[in-house]
Each structure stands twice: as structure tokens, then as C-alpha cells.
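Data first, discussion second: the structure below is written as C-alpha cells.
Chain A is the first sequence line, chain B the second, and so forth, proteins listed ahead of strands; every chain is numbered from 1. Computation of the quantities below employed the complete heavy-atom set of this structure, encompassing side-chain atoms and omitting hydrogens, waters and symmetry-equivalent molecules.
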2 protein chains.
Amino acid sequence: MKKKVTLKQIARELDVSVSTVSRALADSKEIGENTRRRIQAYAKFLNYKPNNIALSLKNKKTKTIGVLIPEIVHHFFSTVIRGIEIVANERGYNVIVGLSNESFSKEVLNMEMLANGSIDGFVLSISKETLLKQDYHHFNETINQGIPIVMFDRVVNEVECDKVIVDDFKGSVKAVKKLIANGCKHIGLITTMDYVSVGRLRTQGYLRALEESQMYAAPNLILKLDDMVSLEENLDVLENEIEQLFKKNPKIDGVFAVNELYAVTAMKVAKKLGLAIPDDLQVIGFTDGVLSKHASPSLTIVSQHGQKIGEKAADLLIDRLEMDEDDGDANISDNTREQAFETCVIETEIIERESTK
Amino acid sequence: MKKKVTLKQIARELDVSVSTVSRALADSKEIGENTRRRIQAYAKFLNYKPNNIALSLKNKKTKTIGVLIPEIVHHFFSTVIRGIEIVANERGYNVIVGLSNESFSKEVLNMEMLANGSIDGFVLSISKETLLKQDYHHFNETINQGIPIVMFDRVVNEVECDKVIVDDFKGSVKAVKKLIANGCKHIGLITTMDYVSVGRLRTQGYLRALEESQMYAAPNLILKLDDMVSLEENLDVLENEIEQLFKKNPKIDGVFAVNELYAVTAMKVAKKLGLAIPDDLQVIGFTDGVLSKHASPSLTIVSQHGQKIGEKAADLLIDRLEMDEDDGDANISDNTREQAFETCVIETEIIERESTK
DNA sequence: ATATCGTTCGGAAACGTTTGCGTTAAAAAT
DNA sequence: ATTTTTAACGCAAACGTTTCCGAACGATAT
């Protein structure tokens, strides 16, 4: 078992000092041609690689970014991670992930864990429990320690930081207007409780679209589901609720659902009730996962481009991290170096498939 | 912006030495009652948390494990990560993920990146390109550096380490036998090229089941798809291939597919060709993802319990890491401390749904 | 011949910890 | 009264780097 080779070891065996080795490997002109070459050759021979931990300690930066998400077994979040990973890798950063599992305390613990030197900054999406409690102290404390945060998807005004969101509102308006343009007269909405910002915004988009088309949003047509229902376990509860929606609204001819599961379940229930898709009923969902693509009929969706979100979030974070770098010797500094926080909106896009005409 | 508080700072402000602070916080009895309490109180007041990087450097262990997978936007892999995360968290470890994207060079680079001090050990699944090239030097070198590896799912005999796999062979036999028991006489197989071990094993399972039931495995009934086809992009190619399979075998009445996508696509094509499921054709897939649960009809599958795989892999790795700990002062040592490598098989389970009788 | 300078390198500090060992003073033993 | 013990703490090394500062030495300038 070959132990890791260190500067000290090279120095000893080549009978020079550690600093000389360090400089030689950095190609410093302070070191003579011959010694420099000799050291470099030997180092390459031993396959020397500097110890990241030591570098981190010295430089006070770890070149790794912490990603904190509520759940990883979820198509949207994994595409975001992929995006983050891609640009992180490109720019020389590592990614360490923490799962909050939608729990407030796990979110806090994970943050504290990572904030003690392990990472340079966070990319995160807030857990549902945190949104419910509206307790954001851990975010603000982290930021106050000088660790920047970029939030995506589930964001909150109470924390000042860079944010990356999708145009939930606009996307929903577009979707519902498409249903209207396609001839739908009675459009149902299947959504979540309002405390999840994205659910609320998508609901508002639905309302706005109807309003702008001089259509009445019958309360009967709106199904608000609480979280217990979206759990995979009680799929039957979900189906039941949706069935009630259809039965209460026999004239329903369009459905807008705020996520994929609701949408495909709606199609399933509709088919059971003898409704033909898209002839009797057209369906559009929000998100893009695997379900929508492979359902039959395949589902028309509002795509949110998770990967692009991840890429943008990582870019924002790293930009800020590397801006802070040349902050110490801010001599030319216009006195406010702090770059203003940015909220970046990733455009959604409707992908038409078989569930609409 | 409050800078991170350090031992030195506490020491200065309390007019004691750094070592005294360190010991006081560690509750050492070497430090007097009063100073100890005074220091502890002040530390708590300042919300002192030790710097992980400094600890890592000192202890030569980072308490983080590296996870290297081919792809993250994949239900199976994300469930595995979830499993890893759960036990890692429980046992005080962090998880840093790297994506090889099925590429050999990215796999190597990622490993080298992380192996330089960032992690204590790896949990990984081999990329397809690596399997093709059969170049495993990076794994062996890493192990040789004293960094243990646990492989899961896609493993390889050429590397000696702990492994966690599913009983691909046995699971496939079970699945195909179930089709036979359900009355299928002509069972098709949709599988991948042989160099991916899991594909090969599942194919062998199919063959064995037929053999044991004195059935002939007609070459016509076996569809081996290369990887280009499994890409989401050319879904139509996949559908076309499967359609040919059905047309060449009009008497086909059962299908065993080695992954979810193949299985649901088979159902889709079958429905298009006018076959009723499960009456005319029964289908079983390997894996468990979201598709199978929500397809219509829902898909009977061989579930591989990704989360359990992740949990076991993480446990094996951490066990080995913490075994190595008390290895230095191995005084009572029966001369071979090295624990033998373990290959752990996670049992599969057939989950019956609507695609079988 | 002396002063100045540039080249080439080593020593040491620093990053934040932990820990073996030494030191001091007071308490206990002789 | 002198020695030994013990309690309570500080010093310094170590982990692996980078980098500031200074040292040595030969070469050039005066």
C-alpha cells in the first residue's frame, strides 16, 4: 500500500527544502532551471498530487459547493443536480449533497454540518416544513457568516440572496390559455396547498388565464390537495379525489395540473370514467419528468428545464464566490463592492404531446 | 458579517492558551472546574463550532464518502444515493457525489480529484465505457492508496473490494418462471448488450428459466439492443425494434424486459398492435421506477430495492473505514487484520401489478 | 577593494486543530 | 524544612500547503 506522497517527502529525498519543492512545482522562476526540472521530474515520477484538505485549510476555500434539497428521488431535483454538477465540474468545483427530506431540523443540521468549513457556498431548495414554519434563521445566519446561498425553485422573500426560479405564473397562464384556445370551456385545476410558493403561483396563473379570457373560475373546478395525498403511498386517495372532481363537473373538458403525478393520475381516472383523451378531455401538466413522456397518451407539459436551473444556480454561486476573492485587495473599490442579488427566471416551454389537440 | 470563531480567538479573549481551550471544550479533567466552565460558556455564547477542514487535516480522515455514479437522472441511482445518504448521515458522514456520465475519462478524473484527500472512501457503480474498455487501473490504484471502495450493481471481478449486487440471475429466473406459470408459451426477452454485467446476468436468468421448464429459447424471441437505442432521444427506434420483435413472433404471449423503459415501451407497442394486456400478452420488467407504477396497465416488476443497496454499501464502507482506525495500534493483532472482502446480495422481489394475470 | 545587486534557495509562519510533554505553584508527605 | 506529589495550565509539534522574509553567494558596478 503506497502511502500518499507529500512535499516533505520529496524534499527529503531530493535534499532540498519543502518551500523549494513547492515553488518548483509551481514553476516559480525563483528556482533554478536544473533543480526545478529535477523536482518536477521526480514529482511526476511519484505521481504527486497536492492534498486538497491542506490546500483548503490554507486558502480558506474548499472548492466545493453544498447542495441541499428536499428529496433526491425526484426527476426535477435530479436534473437540477445534474446541471449543478456539470458547471461545478467545469469550473473546478466539487458537489456535496445533503437531503432535508422535507424536514426543517434535518435542513438545519445539514447546513450547520456543512457550513463549518466543508463548503464555500450553498445551492438549495427549501423544505416544505421550513416553508410552513416560516423559520429562515439558518439561512440568514449562514449568509451572515460569509457563506453565500443560491436558492432555486422554492424560494422565499425573507432571505436576501441570488435565486433561480421558473416563471410559474407565466407558464401556467400559457398552459391554460392553450387549453382555452383548444376549445376547452370548463377547465379544472389540480393543485397543492398555497404555502408552497410554486403551487400558489401556478394557481394564480390558472386564475389569471381564465380571467383574461372572460371565463369564470368555478370553485368546484379547483381541487386543492394537501401533501398527504401526493405521497406515493395513498395513490388511491388521490385517484378518489380526482374522481370526485370529475363527477362534480360533468362538463369538464380540460385539466391543468401543477405536477406530473396529478396530471397522469387525472388521465388515468378520466379513462376509467370513459373520457377520451384528448377528444373529451385535454390535460396539461407542469414539470417534466419521465412519466409524461411515456404515459399513454403522452402528456403535454409545461417544461421547467431543471438542468438549466441547476446550471444557472451554480454559475451564480461560483460567480459570487470568485468575486469575493479579489475583494480583499479592493483598492480601486467603489466603496460598495457587494454585487446586488439577482433573481433569475428560467423560461418555461410548452411541450405538446398527445394529451392536447 | 461575523467571521467564523476559532480556538485562538477564544483563547486570546479569555487570556488562556489555545490548548487549554481545546481541552476545556473536550471536557478534559486536566483543566480546572472554573476555567473549564468559563471557556465552555463563552464558546457556546459565540456559537463555536470546530473547523472541519482543520480536523480533517489533523485526523487524516474527512468523514465524507465519495459516490461515483454514471448518471443521476435515473430512478434506480437516485434511490441508491438516498440509501447511502441515510446511513452516512446516521453515522456522521457526508456524501459528495461525482457523475461519470458513463464516460471512462470522467470517471478517472473524478476519482483522482476526490482521492486527493477529499474523501475517506468510495461507493461507486462502474460506467459503461469503463466496462467496455475493461480498464480498471484507477480502481486498483485508489485501493492501493489505502482508500477503500464499495461497488454496487455494476461490479467487476477484476477489482477486489466489497460489493453490493442484486440477484439479477435469480430474480430473472423467478420472473420468467412466473410468466411460464401464468401460461405463457412464447416468451420474448428484451435486453441489452452483454458487456453490462446486469444485462448479461438477466439474460442468463431468462435462458435458465426456459431451460428448466423444458422450453426452447428461440433466437427470434430475443432482442438485444445496443446502448444507442436506450437513449431517450431515439424512442422511435426502440419502438420500431420492439415492433419487429412482435411481428416476427406472432405467437408471442409474454415479455421479460431487463429494464423499465423497455417494458413499458413493449406494452405501448403491444397495445398499438392490438394486443390486450395481460390477456394476450403479459409483461414483466426488471427495476422499479416510477414508470412501472403509473403506466396503464401498471407493470409487474422485479424490484431491486435501490435504497437498501445504498444503505448496505454505505454500511460496508464505513465499517471498513472504522475498522482501519484501530489498525494502527494493532498489538493483539492476529497477524492478518484485513477483513475479507464481502459480496452482498440484495434479494429481489416480484411486485405483481396489472401487466400479468 | 568595497558596495550593490540579482539569483537561488532555506527558515519559519500561517491556516485551525489536537496532544505529548514540560513547567509552575501549591498541597501533601517525609 | 525539605522533598515528592498533584493539579492546572502553556509550549510546541504535527497534519500538508503556500509564501514572506532573509541568507548566502557570486557577479557587477564604483
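Against DNA chain C, the stretch residues 52-62 of chain A makes heavy-atom approaches under 4.0 Å through Leu57(A), Lys58(A), Lys60(A). For residues 23-33 of chain B, proximity to DNA chain C is found at Arg23(B), defined as any non-hydrogen atom under 4.0 angstrom from a strand atom. Within residues 2-21 of chain B, the residues that place at least one heavy atom under 4.0 Å from DNA chain C are, in residue-number order, Thr6(B), Leu7(B), Lys8(B), Val18(B), Ser19(B).
In terms of modelled atom types and a separation under 3.5 Å, the side chain of Asn110(A) and the main chain of Leu99(A) share a donor-acceptor contact.
At a threshold of 4.5 Å between non-hydrogen side-chain atoms, the residues Leu124(B) and Met111(B) count as touching. In this structure, Ser56(B) and Lys61(B) have side chains that are not in contact, with every pair of non-hydrogen atoms separated by 4.5 Å or more. Contact of the Asn94(A) side chain with the Ile65(A) side chain is not registered, since no non-hydrogen atoms from C-beta on lie closer than 4.5 Å.
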Apply salt bridge (charged side-chain N to carboxylate O under 4.0 Å, His left out) to Glu33(A) and Arg37(A), showing your working.
-> CA-CA 6 Å; Glu33(A) 269 284 326; Arg37(A) 275 217 259 273; 2.9 Å; yes
List the steps, then state whether side chain to side chain contact (heavy atoms under 4.5 Å, CB included) holds for Ile39(A) with Leu25(A).
-> CA-CA 7 Å; Ile39(A) 293 175; Leu25(A) 295 181; 4.1 Å; yes
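The 12-atom threshold is not exceeded at CD of Glu160(B), counting heavy atoms of other residues, nucleotides or ligands nearer than 6.0 Å. Crowding of Lys4(B) atom NZ: a count of heavy atoms from other residues, nucleotides or ligands under 6.0 Å exceeding 12.
At the phosphate of dT19(D), neither OP1 nor OP2 sits under 4.0 Å from any side-chain N or O atom of Ser22(A).
Protein chain A contacts DNA chain C from dT8(C) to dG16(C), reading 5' to 3' and using non-hydrogen atoms of the protein with a distance under 4.0 Å.
Applying the ring-ring contact (aromatic ring centres under 6.0 Å, His included) definition to pairs two or more places apart or across chains, none involves residues 4-59 of chain A. Residue pairs meeting the salt bridge (charged side-chain N to carboxylate O under 4.0 Å, His left out) criterion with at least one member in residues 79-102 of chain B, sequence neighbours excluded, are Glu71(A)-Arg82(B), Arg91(B)-Asp315(B), Arg91(B)-Asp319(B), Arg91(B)-Glu322(B), Glu102(B)-Arg154(B).
Partners of Lys163(A) according to the salt bridge (Lys or Arg N to Asp or Glu O under 4.0 Å) rule, which considers only residues two or more places apart in sequence or in another chain, do not exist here. Evaluation of the salt bridge (Lys or Arg N to Asp or Glu O under 4.0 Å) rule for Asp120(A) yields no partner, not counting sequence neighbours. For Asp162(A), the salt bridge (Lys or Arg N to Asp or Glu O under 4.0 Å) partners two or more places apart in sequence, or in a different chain, are Arg320(A). With sequence neighbours left out, Phe104(B) forms a ring pair (Phe, Tyr, Trp, His ring centres under 6.0 Å) with His138(B). Arg36(B) pairs by the salt bridge (Lys or Arg N to Asp or Glu O under 4.0 Å) definition with Asp27(B), not counting sequence neighbours.
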State the dot-bracket string of DNA chain D. Criteria: Watson-Crick or G-U wobble, both atom distances under 3.5 angstrom; notation: ( ) intrastrand, [ ] crossing earlier pairs, | interstrand, . unpaired.
-> ||||||||||||||||||||||||||||||
